[in-house]
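Below: the structure, in structure tokens.
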Amino acid sequence: MRLNPILLLPALFLLVQTRELQWWETTIFYQIYPRSFVDSDGDGIGDLKGITSKLEYLREIGVGATWLSPMFQSPMYDFGYDIADFYDVHNEYGTMQDFEDLIAKAKELDIKIVLDFVPNHGSNESVWFEEALKGHEQYYDYFVWEDGVVDENGVMHPPNNWNSVFRKSAWEYREEVGKYYLHQFVIGQPDFNYRNPAVVEEMKNVLRFWLDKGVAGFRIDAISHLFEVDKELYGGKLPDEPLSGRRSDDPLSYDYLDHIYTVNQDETYDMVYQWREVFDEYEKIDGLQRVVMTEAYTSPQLTMRYFGDGEREGAQMPFNFVLISDVNGDSTAPEIKYALDKFLTFKPIDKLANWVAGNHDNNRVASRFSPKLVDGINMIVLLLPGIAVTYMGEEIGMKDGFVSWEDTVDPSACNTDDPINYYQVSRDPERTPFQWNSEKNAGFSTADKTWLPVADGYEALNVEFQKSVERSHLNIYKKLAILRTEPVFRHGRFESSALNSDVFAFRRWHEGEIYLVVINLREQSYSLDLTYFENVSGHLEIVINSMESPKVVG
Ligand SMILES: *[C@@H]1O[C@H](CO)[C@@H](O)[C@H](O)[C@H]1NC(C)=O
Ligand SMILES: *[C@@H]1O[C@H](CO)[C@@H](O)[C@H](O)[C@H]1NC(C)=O
Ligand SMILES: [Ca+2]
Ligand SMILES: [Ca+2]
């Protein structure tokens, strides 16, 4: 049989219309880690008043929205990701009044505030958990309790082999009730029981509480861990997870097991769609779309499920972590292209991509890639089609701080019990104080000791200095943020190529305008023919160049 070429006729009515974009589709989201941004009262810990005092800075650099890591009442075993009171502000960070002032100031500056929602677990020092231990049935049912297993010697063991993300058993025994509770993260973070409708309703009320205060959405933490498998399907007993074969040397490590029963359960996606319904109720009232961002380090296929299921809507921004998980300073240009294409390839055609190169859980861009690639990565994040997310400090190229074993506070590092290799998993280095100027504690705080030490190199890697010189990461970032508002970056099409193993380039075009972004990943210089890109010929004008570039603008 002969195959005939197929001629595709263009559709008769081509509707070329640039759709009105929602606020979250064009903005830059700037992540603030409240503990490390600005300390207003000199106790060495960042706080809400500090954030309020610097909101103008966000405007200056072209940011229209910020998402704040948790600022809720917490005993801080996991620095705010262990929430004791979902309805209150953490005392070290300020008061509810401070939060309301923050919202008011943000509104004045037209900056949207997005909060971190940590639905998987609460705190072992919450009223809910304390009441549970006292046998208060309503709260007892908020958590996941199981009987231990007694061996032939009469020794009690945890109900099954599940390990916590931070290493060691995911079960903790409580004498008060004679049972173990589940904690997928640290001991101080008991998992909620989402098979209890009262928990589902309570957490929706948490969302409503903060939406009523004026927040514009939520970033949802550790979403993949929300549901555990339904034990009724396994004769009433939560089953062991199979061995992964990846970390056979360390049975206590999280990677020792294949997490088929504790992550990515179908019910989890449904819950995200239910939360979106809560947000949409608010949109119906005032017309403002609330944004949902989901945090899941997972396959592209599973990431896309957070967008919705075709009938129901879910998150507008399932975080796209390829720039964190898939590539680093050793990556070649084809590897960068391959990684960036991933989300674009899998995402539904009518959804937007988002670009994230850093956050409070991962080493900084300057350290993971190279200090010389700071501008290049910012170009990728801000100029690719979709939503840009910047972790505080990436605009000035902050590096990971050095935090000694003695100063280490991250439970992920402390749980290694390993004063030599702890830093490989420690998240303290990317959480060191924000660098405002070259004064004491980089202008973060007047305290004698800050909660984490200030990173080295802050004398040049700070906002004040970088504002004062013409070519700096900060000034390049600001120019990118302005360029990003051009129609070509909002509506334009996209094409990318690895011009050789070291040079990654992409083109954006729209209504006759073309921009090329060319990123050399290495020191080696090249002469390259950019007419490879269609319609690129003749004289090219340089609009923005990186700190490292020998070219001049014009
Ligand atoms: C809560 O858990 C932490 C460990 O994360 C532990 O140090 C602390 O003692 C626990 N608090 C109570 C009241 O059990
Ligand atoms: C190239 O330019 C022509 C003429 O302006 C235009 O019709 C065409 O769409 C452009 N192609 C691309 C891929 O930019
Ligand atoms: Ca403070
Ligand atoms: Ca859970």
Side-chain angles (χ1 to χ4, degrees), residues 10 14 16 32-54 71 73-84 89-95 98-99 102 121-134 143 164-177 180-191 409-415 417 433-434 436 441 443-452 488 491-497 506-516 530-538:
L14 255 181
V16 184
I32 291 180
Y33 192 72
R35 212 171 172 78
S36 298
F37 197 50
V38 193
D39 171 19
S40 73
D41 60 359
D43 65 353
I45 295 170
D47 45 53
L48 295 181
K49 275 201 172 109
I51 296 172
T52 308
S53 74
K54 293 291 188 185
M71 42 94 220
Q73 192 56 259
S74 165
M76 295 285 159
Y77 291 110
D78 189 23
F79 295 100
Y81 284 93
D82 50 328
I83 298 172
V89 171
H90 178 61
N91 55 309
E92 287 171 313
Y93 297 163
T95 61
D98 294 337
F99 181 75
L102 168 67
H121 46 259
S123 162
N124 62 339
E125 295 180 10
S126 63
V127 171
W128 295 345
F129 195 74
E130 282 161 7
E131 287 297 309
L133 293 180
K134 286 184 202 149
F143 302 96
S164 100
V165 171
F166 294 140
R167 207 167 167 269
K168 306 178 187 174
S169 176
W171 297 97
E172 182 75 3
Y173 184 71
R174 291 307 301 227
E175 234 151 54
E176 297 90 327
V177 292
Y180 286 83
Y181 70 85
L182 177 71
H183 60 91
Q184 287 211 39
F185 294 86
V186 299
I187 291 170
Q189 289 167 318
D191 272 53
V409 290
D410 176 20
S412 177
C414 297
N415 277 4
D417 303 322
F434 189 85
W436 292 101
N441 298 323
F444 161 70
S445 169
T446 56
D448 288 331
K449 192 168 163 50
T450 53
W451 82 281
L452 281 176
V488 59
H491 306 283
R493 308 200 56 174
F494 164 79
E495 167 193 24
S496 72
S497 176
F506 63 91
R507 180 173 78 128
R508 300 291 314 269
W509 75 98
H510 181 67
E511 294 179 349
E513 260 203 303
I514 303 179
Y515 282 85
L516 282 183
L530 295 176
T531 62
Y532 163 85
F533 287 104
E534 200 180 329
N535 288 357
V536 171
S537 60

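In each ligand, atom 1 is the first atom listed, and ligand 1 is the first ligand listed. The figures that follow rest on heavy atoms only: side chains count, while hydrogens, waters and symmetry mates do not.
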Subject >> Stepwise side-chain contact (heavy atoms from CB on, under 4.5 Å) check, Trp509 with Leu516 >> reply: CA-CA 9 Å; Trp509 75 98; Leu516 282 183; over 6 Å; no
Original post:
Please state which protein non-hydrogen atom is closest to atom 7 (O) of ligand 1 and give its distance, to 0.1 Å?
Top reply: Tyr77 CE2, 3.6 Å
Subject >> Any side-chain heavy-atom pair of Cys414 and Val409 under 4.5 Å >> reply: no
Original post:
What do you reckon, is CG of Asn91 surrounded by more than 12 foreign heavy atoms closer than 6.0 Å?
Top reply: yes
**OP:** For Glu125, counting its heavy atoms only, list the atoms of ligand 1 lying under 4.0 Å from any of them.
**Re:** 1 (C), 8 (C), 10 (C), 11 (N), 12 (C), 13 (C)
**OP:** Please round to the nearest 0.5 Å and tell me the distance separating atom CZ of Phe37 and atom OH of Tyr93.
**Re:** 14.0 Å
Original post:
Considering all protein heavy atoms, does one lie under 4.0 Å from atom 5 (O) of ligand 2?
Top reply: no
**OP:** Select the closest option to atom 2 (O) of ligand 1 among Val186, Asp78, Asn124, Ile187, judged by heavy-atom distance.
**Re:** Asn124
Subject >> Step-by-step side-chain contact (heavy atoms from CB on, under 4.5 Å) determination, Asn124 to His183 >> reply: CA-CA 10 Å; Asn124 62 339; His183 60 91; over 6 Å; no
Original post:
Closest non-hydrogen protein atom to atom 13 (C) of ligand 2, residue and atom name please, with distance?
Top reply: Arg507 NH2, 3.2 Å
Original post:
What's the shortest distance from atom 14 (O) of ligand 2 to any protein heavy atom, and which residue and atom give it?
Top reply: Asn535 ND2, 3.2 Å
Original post:
Between Arg174 and ligand 1, which part of the residue brings a heavy atom under 4.0 Å of the ligand: side chain, backbone, both or neither?
Top reply: side chain
Original post:
What's the verdict on side-chain contact (heavy atoms from CB on, under 4.5 Å) for Glu511 and His491, showing C-alpha distance, side-chain angles and the deciding distance?
Top reply: CA-CA 10 Å; Glu511 294 179 349; His491 306 283; over 6 Å; no
Subject >> Contacts of the Ca ion (ligand 3) with protein N/O/S atoms, counting only those under 3.0 Å >> reply: Asp39 OD1, Asp41 OD1, Asp43 OD1, Ile45 O, Asp47 OD2
Original post:
Do you see a protein non-hydrogen atom under 4.0 Å from atom 11 (N) of ligand 2?
Top reply: yes
Original post:
For Glu513, is the nearest heavy atom under 4.0 Å from an atom of ligand 2?
Top reply: no
Subject >> Heavy-atom side-chain contact between Asp98 and Val89 under 4.5 Å >> reply: no
Subject >> Stepwise side-chain contact (heavy atoms from CB on, under 4.5 Å) test for Asp41 and Asp47 >> reply: CA-CA 8 Å; Asp41 60 359; Asp47 45 53; 3.3 Å; yes
Subject >> Region of Gln189 that comes within reach of ligand 1 [heavy atoms, distance under 4.0 Å] >> reply: neither
Original post:
Is Ser164 close to Val186 at the side-chain level, that is, under 4.5 Å between some pair of heavy atoms?
Top reply: no
Subject >> Validation row, ring centre Trp436 to ring centre Phe434 under 6.0 Å >> reply: yes
Subject >> Where Asp39 and Gly44 come nearest, the two heavy atoms and their spacing >> reply: OD2-N, 2.7 Å
